[in-house]
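Beneath this line is the structure, given in structure tokens, with notes to follow.
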Amino acid sequence: MNLLTEVMAKLDQAEPDIIRIRRELHQHPEVSFHEQWTSQYIRDFYADLDCTVADFGYGYGFVVDIKGGQPGPALALRADFDALAVQEDNDLPFKSQQAGVMHACGHDGHTAYMMVLARTLIGVRDQLPGSVRIIHQPAEEVSPGGAKGMLAAGVLEGIDNVIGAHVMTSMPTGTVGYHVGATQTGRANFTITFTGKGGHASMPQLSNDAIVAGSYFVTALQTVVSRRIDPFDTASVTIGSFDGVGSFNAIKQAVTLKGDVRVMKESTRTTIRRQIEQIAHGVEAMFGVVAKIDYDDNYPVLMNDAKVTMQAVHNIQAAAIPQIQAVTDVGTQDPSEDFAYFAQSKPSTFLYVGCDPDDGQSHPHHSPNFLMNEDCLLIAAKAVGAAAIGYLRGRE
């Protein structure tokens, strides 16, 4: 039995463990930068295994180092483990036990498959050329993101390449997706407060209405993408919150708006920020209000390296994994992902694993009804495992 066959067989046998771990994590979700129980749960899993565990960065992130029995390259595999501030609406026997918190993006599944894959690789470590670093990363969902802190602490020092994966309800279970080049959007968030002069609704001439100023800002913002961005570029600007609650007969003194920006080019990011600030200052002059802007340029565009990506695709296809019906280019993806920071530092690839439920009840990520087909967990473990082994063996 060769190494790949042995690893695939061990993963088949361990599928119940992957599902059990995923369900335990699902019951105990923790939001970004507060994943104390989750981190300890994962650490305990490795306590009796032949590996080295080390902390990296702020928060609860750590790595597991698996040193192979032969010289070779150094590969990192990354999985995130934070949850979201979402109240779960699913009726599951392993439903979230934490009010207002839910694994609504699949990070419980990422962690579960990676833990068992890591255990499997530890079991065959003497046959591995090179080394594998398992990155268990917190706080993917919230800026500045857990990846950035781990990188600052040197998590990729000595690492040649990085592979990550994300389950996707937008893809059928049994499919693995990839894309080369710009693959996921870069992101920025902003908060802007317009402060005017409050007053009585019967005497508007004595006030500077912050609601009117904020409303003009929202309307003018619609011209940023439609009139300042090349039609062949990709960008979106969204106002997700307009805090204008007040009384029916009072003119609002201040309103706070929160917005989201997505881009596929870093140059577009610069253009949008400049336009948002320019419009805000124009509203100041027009309505006699003061604009306070807190602008957070955070996750970069995720760039998948062509060589690393196509090598992973080849290795997954060559493994002839029976649970995988197709490995296909899925094109660009709308959400942002702090794996992009790893990809900025080292040539990397981020893969996608279909997890669409087979009951036709698909719900998008971050939904209170988010569900995954748990068959995707074994597929993810096998796909990333095949990519990793092929990468290490191909560089002998």
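Looking at Glu141 and His366, their side chains come closer than 4.5 Å, going by heavy atoms from C-beta outward. A heavy-atom distance below 4.5 Å is found between the side chains of Phe190 and Ile239. Side-chain contact between Ile389 and Asn315 is absent, with no heavy atoms from C-beta onward closer than 4.5 Å. Counting heavy atoms from C-beta on, the side chains of Thr195 and Val289 never come closer than 4.5 Å. Side-chain atoms of Pro335 and Gln184, non-hydrogen and from C-beta on, do get closer than 4.5 Å to each other. Looking only at side-chain heavy atoms (C-beta outward), Ile316 and Tyr178 stay at 4.5 Å or farther from each other. Between His26 and Glu88, the closest side-chain pair of non-hydrogen atoms falls below 4.5 Å. No side-chain heavy atom of Arg133 sits less than 4.5 Å from a side-chain heavy atom of Leu75.
In the displayed structure, Lys95 atom NZ is contacted under 6.0 Å by more than 12 heavy atoms of other residues, nucleotides or ligands. More than 12 heavy atoms of other residues, nucleotides or ligands shown are found within 6.0 angstrom of NZ on Lys346. Atom OH of Tyr216 is surrounded by 12 or fewer heavy atoms from other residues, nucleotides or ligands within 6.0 Å.
At least one donor-acceptor pair closer than 3.5 Å links the side chain of Gln222 to the backbone N or O of Val218. Between the side chain of Asp297 and the backbone N or O of Ala188, no donor-acceptor pair lies under 3.5 Å. Counting only distance, with no hydrogens or angles, the side chain of Glu277 and the backbone of Gln275 share no donor-acceptor pair below 3.5 Å. In terms of modelled atom types and a separation under 3.5 Å, the side chain of Gln87 and the main chain of Val101 share no donor-acceptor contact. Within the 3.5 Å criterion, the main-chain N or O of Asp243 finds no donor-acceptor partner in the side chain of Thr256.
Note on ring orientation: taking the six-membered ring where Trp is involved, the planes of Tyr46 and His136 are tilted (angle from 30° to 60°). Taking the six-membered ring where tryptophan is involved, the planes of His110 and Tyr113 are perpendicular, since the angle between them exceeds 60° and thus also 30°. His107 and His166 have perpendicular rings, their planes meeting at more than 60° on a 0 to 90° scale where under 30° would count as parallel.
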| said: One pair to check against side chain to side chain donor-acceptor pair (under 3.5 Å): Arg228 and Thr223. What are the steps and the verdict? | reply: CA-CA 7 Å; Arg228 293 293 178 263; Thr223 65; over 6 Å; no

| message | Run the side chain to side chain donor-acceptor pair (under 3.5 Å) test on Gln253 and Lys197 for me, step by step, so that the C-alpha distance in whole Å, both residues' side-chain angles and the decisive distance to 0.1 Å come before the verdict. | response | CA-CA 5 Å; Gln253 178 158 308; Lys197 182 179 180 181; over 6 Å; no

| Run the side chain to side chain donor-acceptor pair (under 3.5 Å) check on Thr183 and Thr332 step by step: do they pass? | CA-CA 5 Å; Thr183 299; Thr332 54; over 6 Å; no

| Evaluation steps, salt bridge (Lys or Arg N to Asp or Glu O under 4.0 Å), between Asp108 and Arg23 | CA-CA 8 Å; Asp108 51 344; Arg23 292 183 177 188; over 6 Å; no

| field | Test side chain to side chain donor-acceptor pair (under 3.5 Å) applied to Asp356 and Ser362, step by step | value | CA-CA 6 Å; Asp356 185 37; Ser362 178; 3.1 Å; yes

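Remark: Glu284 CD to Phe217 CZ distance equals 10.5 Å, nearest 0.5 Å. Here the CG-NZ distance, from Asp126 to Lys67, works out to 11.5 Å after rounding to the nearest 0.5 Å.
In plain terms, the two heavy atoms of Ala83 and Met102 that are nearest each other are CB-O, 3.3 Å. Ala235 and Ile229 make their closest contact through CB-CG2, 4.3 Å (heavy atoms, listed as atom of the first residue, atom of the second, distance). Closest approach of Val124 and Glu6 over heavy atoms only: CG1-OE2, 3.5 Å. Considering every non-hydrogen atom in both Cys376 and Val353, the closest pair reads O-CG1, 3.7 Å. Contact record, Ala381 with Ile18: CB-CD1, 4.2 Å, taken as the closest heavy-atom pair. Here the closest heavy-atom approach between residue Ile42 and residue Thr111 is recorded as CD1-CG2, 3.5 Å.
Partner His179 forms a side chain to side chain donor-acceptor pair (under 3.5 Å) with one of Thr309, Asp329, Asn304 and no other, that one being Asp329. Under the salt bridge (Lys or Arg N to Asp or Glu O under 4.0 Å) rule, Asp338 has a single partner from Lys148, Arg78, Arg187, which is Arg78.
Taking the charged nitrogens against the carboxylate oxygens, Lys265 and Asp233 do have a contact shorter than 4.0 Å, which makes a salt bridge.
Annotation for Phe56: hydrophobic cluster partners, listed by chain and number, are Val63, Ile135, Met150, Leu151, Val155, Leu156, Ile159, Val162, Met168, Met171, Tyr299, Leu302, Val330, Phe339, Tyr341, Phe342, Phe350, Tyr352 (ILVMFWY side-chain heavy atoms under 4.5 Å, direct or chained).
Taking the six-membered ring for Trp, His365 and Phe370 have ring centres closer than 6.0 Å.
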